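Worksheet: the structure to be examined is printed underneath.
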Amino acid sequence: MGSVKLQIMTIRTRFAPSPTGFLHIGGLRTALFSWAYARRHGGVFVLRVEDTDLERSSSEAIAQILDGLSWAGLSHDEGPYFQTQRFDRYKEVIEAMLATGHAYRCYCTKGELDQMRAQQTAQGQKPRYDGRCRDLKEVRLGVTSVVRFKNPLDGAVVVDDVVHGKVVFQNVELDDLIIARSDGTPTYNFCVVVDDMDMKITHVIRGDDHLNNTPRQMNMLLALGCKAPVYAHLPMILGSDGAKLSKRHGAVSVLHYRDEGYLPEALLNYLVRLGWSHGDQEIFSLDEIVELFDIADVNKSASAFDGDKLAWLNQQHMIRAPAAQLVAPLRWHLARAGITVGSDSILEQIILVQRERAKTLKEMAANSVFFFKAPTAYDEKAVNKHVTSEILKSLADLAAALGRLPDWSAVPIHDCISSCAAARDITLGKLAQPVRLAVCGGSVSPPIDATLAILGREETFVRLRRAQEHWGGT
RNA sequence: GCUCCCUUCGUCUAGUGGCCUAGGACAUCGCCCUCUCACGGCGAGUACACGAGUUCGAAUCUCGUAGGGAGCACCA
C-alpha cells in the first residue's frame, strides 16, 4: 500500500531496578528521566522489578525502592511487574527459540568453561564462549545443559543511541550468551529482552553501564522478530571526589535525603541538571522538568555529585514553595528533634522567617527548637560581648515598654525596640543582641521583631525576666 | 588483555567553524545591604587534557597520544 503510514505510537518507558540494595541517586535519576520523558509525551511509565537473582534480591529492598520512588513523586502507570512471576513466559520463549534454532543447548561444564577462559586470557584474548556446542547434534548424557542464544557470527550491530549517537559493535566480538541456567531459570539479559518486548517498551532509558549489553539484546529482539526500541544510555553519576559511587563509597538511599531535610523536588531538580541543561536556568519545578526535559539534550560524560549545589537548590525551592507546603515536612523534622507541634499557623510563620536562613528542613527544625523550648543556657561568649550593666538597664526599660504595647506584632515591636535604643542613644543592634540571647540562648535568630512576634508576649516576658535575673547576678 | 564509551573553570554546564581576549550556576574570596545569621545585590580569580592536521579562521572537523570509565559470569 502506498499510503503514508502514520501511526500514533504511545511512548512507553520503564524503570527496572533490581532489588539487591537501596534506591540511590543514580537509580533515581534514571527513573526521573524515564518518568519525565513519558510524562512529556503523554506516554506510559512502567515499573518493573528485576528480581531474577533470588539469592541477592530481598523484599526489604523492594519496599525501600517503592518508598523512595513514592517520596520522590515519580509515580508509575503500570506495574510493578516482577520477573519472578513471569518465569512461565520466559520458559515459553526459550522453548520457541530452541525450536526455531535461535538457541541451543550447551553441555559444557563449569570446569571446561573456566579452563577455556583461562587459556584465552593467557593469550591476551577477550574471554568468551567459543561456540563448541553450537552445532551439536546429539545430547550429552550426565551433564545438565544450559541454553545459549545463537548470536550471528558476522556482520555488525548498530546501536543508534539517543545520547551517544551511532555505536557499532561487530558480531565477532559477541559470544553466545546463556539465556537459561542449568536449573532452567532465565538470565538477566534474556529477561530484559522478553519484558521489553512484551511490555511494548518504546524507549529504553538506562545507565550507560548497559551500553555493552545492548547489541546482544538487539540481536535477541531481532531473532524474536521484534523491532528494537529506542535506546538512551545515560552517563553515570560519580561521587563528589570523581570516583565511582558505590555502596561502600558515598552511595546512600534516596530516603537519606528525606531524612536530611531535602525536598524531593529539589533533589529531582539537582539530578535533572546533571548531564542536562536548558539555557541558563538552574531552578526547575517538576512541571517545568516535564515540559522542558528531552533525552536528546542529555550529554555524554559522567558527572560528579555536588552536595553544596544540592543544598543551595534545596533552599531555593524552600524559598519558592508556598509555606503551607513545608508545614508537614517541618513538623516531621521537629518531631524527630523531640518537639511536637499542633498548630499549622505557627509553623507557617516560622517557615516564613527561617527559610532563607536554612539549607534544609532539618536545619530549619534545629534552628527553630527555641520557639518551643526556652533556652537552658546562654552562649557565654556572646553574653560577655553583648551584656553589660548598662545594657541590663536598657533591657528593663524595654521590657516595660513592650509591656505597654497594645498590638503584639512585628512592626510595633520593632518600633518599640528602636525607640528604646534611641532613648538610650545606642544602636538597635546593641539592644537586639541581648534580647536575642535572652529568648533563644544564642546570637543567631531571625530578625528580633519577627522572633518576638512569633514567640508571643507571655513567653517573651518569661524569657526576658529569666535572663535578667540570670545576668543580674553575675 | 580485548571491545565499547567519555574528556570546557574545583564542581554542574553553555558552546555544533568566525558573535569566544570562552557565557551562566554552585563553591571560594572581596565589597554593599544589615539588629545577628542568612537572603539579596555587585565584583574578582579560575577551564577548552595533550600533540599533529584540515581551514583565511577551530573549544567546535580529522587523526594520534594520554587519562578516566564500562563490559567481557550458569550477577543484574
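On a predicted model such as this, the values are computed, not experimentally measured, just so you know. Chain letters run A, B, ... following the sequence lines, proteins first and then strands; every chain starts at 1.
Across all strands, Q83(A) comes closer than 4.0 Å to no nucleic acid atom at all (heavy-atom distances). At a threshold of 4.0 angstrom between heavy atoms, the contacts of I448(A) include nucleobase atoms, whether or not backbone atoms are also involved. Within the nucleic acid shown, K385(A) has no heavy atom closer than 4.0 Å to any nucleic acid atom. If you check every strand for non-hydrogen atoms under 4.0 Å, P17(A) touches nothing. Among the heavy atoms of the strands, none lies under 4.0 Å from D51(A). H233(A) comes within contact range of no nucleotide atom at all, as no heavy-atom separation falls under 4.0 Å. Using a 4.0 Å heavy-atom criterion, one finds that S303(A) contacts the sugar-phosphate atoms exclusively. Backbone-only engagement by Q315(A) is indicated by non-hydrogen atom pairs under 4.0 Å involving sugar-phosphate atoms exclusively. N299(A) comes within 4.0 angstrom of sugar-phosphate atoms only, judged by non-hydrogen atoms across all strands, and of no base. Residue contacts shown for R273(A) include a base, since a base heavy atom lies under 4.0 Å away.
A donor-acceptor pair is defined here as one N or O able to donate and one able to accept, closer than 3.5 Å; no such pair exists between the side chain of R355(A) and the backbone of Q316(A). Distance alone, capped at 3.5 Å, places no donor-acceptor pair between the E260(A) side chain and the T360(A) backbone.
Of all the residues in residues 371-379 of chain A, not one reaches under 4.0 Å from RNA chain B with any non-hydrogen atom. For the segment residues 188-195 of chain A, residues with any heavy atom less than 4.0 angstrom from an atom of RNA chain B are, sorted by number, Y188(A), N189(A).
Atom CD1 of I426(A) and atom C1' of U36(B) are 15 Å apart (whole Å). One atom, CG of N384(A), and another, P of U36(B), lie 20 Å apart when rounded to the nearest Å. Distance, F293(A) CZ to U13(B) P: 12 Å, rounded to whole Å. Between the P atom of C6(B) and the CD1 atom of I237(A) lies a distance of 18 Å, rounded to the nearest Å. Counting to the nearest Å, the P atom of C12(B) and the CZ atom of R29(A) are 11 Å from each other. Protein atom CZ of R56(A) is 14 Å distant from nucleotide atom P of C74(B), rounded to whole Å. Distance K110(A) NZ to C75(B) C1': 11 Å, rounded to the nearest Å. Atom CD1 of I283(A) is separated from atom C1' of C26(B) by 11 Å (rounded to the nearest Å).
In this structure, the ring of W276(A) has its center less than 6.0 angstrom from the ring center of F284(A). Taking the centre of each ring, Y378(A) and H470(A) come in below the 6.0 Å mark. Checked against the 6.0 Å centroid threshold, F149(A) and H102(A) do not count as a close aromatic pair.
Put simply, K430(A) has no side-chain N or O that comes within less than 4.0 Å of OP1 or OP2 on U36(B). Taking 4.0 angstrom as the limit, R117(A) places a side-chain polar atom (N or O) nearer than this to OP1 or OP2 of C74(B). Side-chain nitrogen and oxygen atoms of Q433(A) include none within less than 4.0 Å of the OP1 or OP2 phosphate oxygen of U34(B). The phosphate of C75(B) has neither OP1 nor OP2 within less than 4.0 Å of any side-chain N or O from T52(A).
When both distances must be under 3.5 Å, the Watson-Crick or G-U wobble mate of G71(B) is C2(B). Across all strands shown, U62(B) is found opposite A52(B) as a Watson-Crick or G-U wobble partner, with both distances under 3.5 Å.
Checked by distance alone, R181(A) brings no side-chain donor or acceptor within 3.5 Å of a matching partner on the base of C74(B). Contact of S182(A) with C74(B) (side chain to base): a donor-acceptor pair of N or O atoms is detected under 3.5 Å. Residue-to-nucleotide contacts include a donor-acceptor pair under 3.5 Å from the side chain of E282(A) to the base of G24(B).
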Contacts under 3.5 Å, N or O only, protein and nucleotides 41-49 of chain B:
none

Show me the protein contacts with nucleotides 3-5 of chain B, counting only N or O atoms at under 3.5 Å.
from  : atom 1 : to      : atom 2 : distance (Å)
C5(B) : O3'    : H164(A) : ND1    : 3.1

Atom pairs and distances, donor-acceptor, side-chain atoms in residues 291-306 of chain A, under 3.5 Å, two or more places apart:
from    : atom 1 : to      : atom 2 : distance (Å)
D294(A) : OD1    : A296(A) : N      : 3.1
N299(A) : ND2    : G275(A) : O      : 3.3
D306(A) : OD1    : D308(A) : N      : 3.1

Anything under 3.5 Å between a donor and an acceptor, one on a side chain of residues 126-133 of chain A, the other on a protein residue two or more places apart or in another chain? List them.
from    : atom 1 : to      : atom 2 : distance (Å)
K126(A) : NZ     : E173(A) : OE1    : 3.3
R128(A) : NH2    : V172(A) : O      : 2.4
Y129(A) : OH     : C133(A) : N      : 3.1
D130(A) : OD1    : R132(A) : N      : 3.1
D130(A) : OD1    : R132(A) : NE     : 3.3
D130(A) : OD2    : R132(A) : NE     : 3.3
D130(A) : OD2    : R132(A) : NH2    : 3.2

Pair up each side-chain donor or acceptor in residues 153-161 of chain A with any protein partner under 3.5 Å, not counting sequence neighbours, and list the distances.
from    : atom 1 : to      : atom 2 : distance (Å)
D160(A) : OD2    : K166(A) : NZ     : 3.4
D161(A) : OD1    : V163(A) : N      : 2.8
D161(A) : OD1    : H164(A) : N      : 2.9
D161(A) : OD1    : H233(A) : N      : 3.3
D161(A) : OD2    : H233(A) : N      : 3.1
D161(A) : OD2    : H233(A) : ND1    : 2.6

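Checking U36(B), C39(B), A76(B) against every side-chain atom of P447(A), the shortest atom distance belongs to U36(B).
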* Pair E95(A)-K91(A), salt bridge (Lys or Arg N to Asp or Glu O under 4.0 Å): steps then yes or no -> CA-CA 6 Å; E95(A) 288 307 324; K91(A) 202 156 280 175; over 6 Å; no

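With sequence neighbours excluded, no residue forms a side-chain hydrogen bond (donor to acceptor under 3.5 Å, both in side chains) with E60(A). Here H386(A) pairs with nothing under the ring-ring contact (aromatic ring centres under 6.0 Å, His included) rule; sequence neighbours left out. Residues satisfying the side-chain hydrogen bond (donor to acceptor under 3.5 Å, both in side chains) criterion with Y104(A), sequence neighbours excluded, are D176(A). With sequence neighbours excluded, the residues that form a side-chain hydrogen bond (donor to acceptor under 3.5 Å, both in side chains) with D51(A) are T84(A).
Each of Q325(A), R320(A), H317(A) was compared with E265(A) under the side chain to side chain donor-acceptor pair (under 3.5 Å) criterion, and only Q325(A) meets it.
When all heavy atoms of L431(A) and C420(A) are compared, the closest pair comes out as CD2-CB, 3.8 Å.
Contacts classified as salt bridge (charged side-chain N to carboxylate O under 4.0 Å, His left out) and involving residues 440-454 of chain A (residues at least two apart or in different chains) are not found.
Annotation: cation-pi geometry satisfied between R29(A) and F33(A) (NZ/CZ under 6.0 angstrom from ring centroid, within 45° of ring axis).
The residue among R320(A) and L428(A) whose nearest nucleotide of RNA chain B is located toward the 5' end is L428(A). Nucleotides of RNA chain B nearest to S277(A) and V146(A) differ in position, and the one nearer the 5' end is that of S277(A).
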